[in-house]
Amino acid sequence: RAPRKQISHERTFGRDLSDDPTLRRRLLALAARSGADLRAAGLRARTVSVKLRDARFRTRSMSSTLRRAVESDAAIRRTTIRLFESLRATMPGPLRLAGVALSGFGEPGGAAAQLGLFAADAPAEESARDIALARALDQVRRRFGPDALHQGDHSD
């Protein structure tokens, strides 16, 4: 069996959505599910992609490749929000589908990336606390179901 190239979740909404806070919540739930699947597979991802489809069935996606592979919900969430905001600026109307994909896999604890010389070159940080929190949430969701806990909608 060929190794996975991508872990993704997408959702077609029952009705088109135009409310940005609702869209953001739905997208971040998809990001959390993708992150949980990533950790369950024992992987880390360097690339985060967001896909949006509008009411006219026009689909746009945007990706960001990080300097270091990540696995925490916090790092995936920050990148997802940034991509969503960039895409949303080009797609202001109602949306019927949203999705998040993770790719560019590396093993946990893989080789360290070289740090940039300037602050602007710094990778999206992922702390040991972020990873521990994501893994703890995975355990709770495995025991009590995928809807047992949801992350609040706030800026990181």
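FYI, side chains are in, hydrogens and waters are out, and symmetry mates aren't considered; it's all heavy atoms of this structure.
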Next item on the list: Answer yes or no: is there a side-chain heavy-atom contact under 4.5 Å between Arg11 and Leu30?
Entry: yes
Check: Has Arg96 got its NZ or CZ under 6.0 Å from the middle of the six-membered ring of Phe57, at an angle within 45 degrees of the ring axis?
Finding: yes
Margin query: Salt bridge check, Arg53 against Glu10: does any charged N sit closer than 4.0 Å to a carboxylate O?
Written below: no
Notebook entry, point to check: Does a side-chain heavy-atom distance below 4.5 Å link Leu17 with Thr22?
Noted result: yes
Margin query: I'd like to know if the side chain of Thr65 pairs up with that of Thr47 as donor and acceptor (distance under 3.5 Å, no hydrogens or angles considered).
Written below: yes
Check: Phe105 and Lys5: which non-hydrogen atoms are nearest, and at how many Å?
Finding: CE1-C, 3.5 Å
Item checked: Thr80 side chain to Arg77 side chain, donor-acceptor N/O pair below 3.5 angstrom -> no
Item checked: Donor-acceptor contact present, side-chain Arg33 to main-chain Ala29, <3.5 Å -> no
Next item on the list: Taking the side chain as every heavy atom from C-beta outward, state whether Leu23 and Phe84 have any atom pair closer than 4.5 Å.
Entry: yes
Margin query: For a quick check under 3.5 Å, do Ser127 and Asp130 share a side-chain donor-acceptor pair by atom type?
Written below: yes
Checklist line | Side-chain donor/acceptor of Arg60 to backbone N/O of Val50, under 3.5 Å | finding: no
Next item on the list: Over all heavy atoms of both residues, which pair between Leu102 and Ala45 is shortest? Give the atoms and the distance, please.
Entry: CB-CB, 3.9 Å
Margin query: Checking the side chain of Arg44 only, and the main-chain atoms of Ala69 only, is there a donor and an acceptor separated by less than 3.5 Å?
Written below: yes
Next item on the list: Could you tell me whether Asp20 and Arg88 have a side-chain N and a carboxylate O separated by less than 4.0 Å?
Entry: yes
Next item on the list: Taking only Lys NZ, Arg NE, NH1 and NH2, and the carboxylate oxygens of Asp or Glu, determine whether Arg39 and Glu71 approach each other closer than 4.0 Å.
Entry: no
Margin query: Can you see whether Arg82 engages Ser64 through a side-chain donor-acceptor pair at a distance of less than 3.5 angstrom?
Written below: yes
Item checked: Results of side-chain hydrogen bond (donor to acceptor under 3.5 Å, both in side chains) for Arg4 - residues two or more places apart only -> none
Next item on the list: For the residue pair Leu66 and Thr79, establish whether any side-chain heavy-atom pair is separated by less than 4.5 Å.
Entry: yes
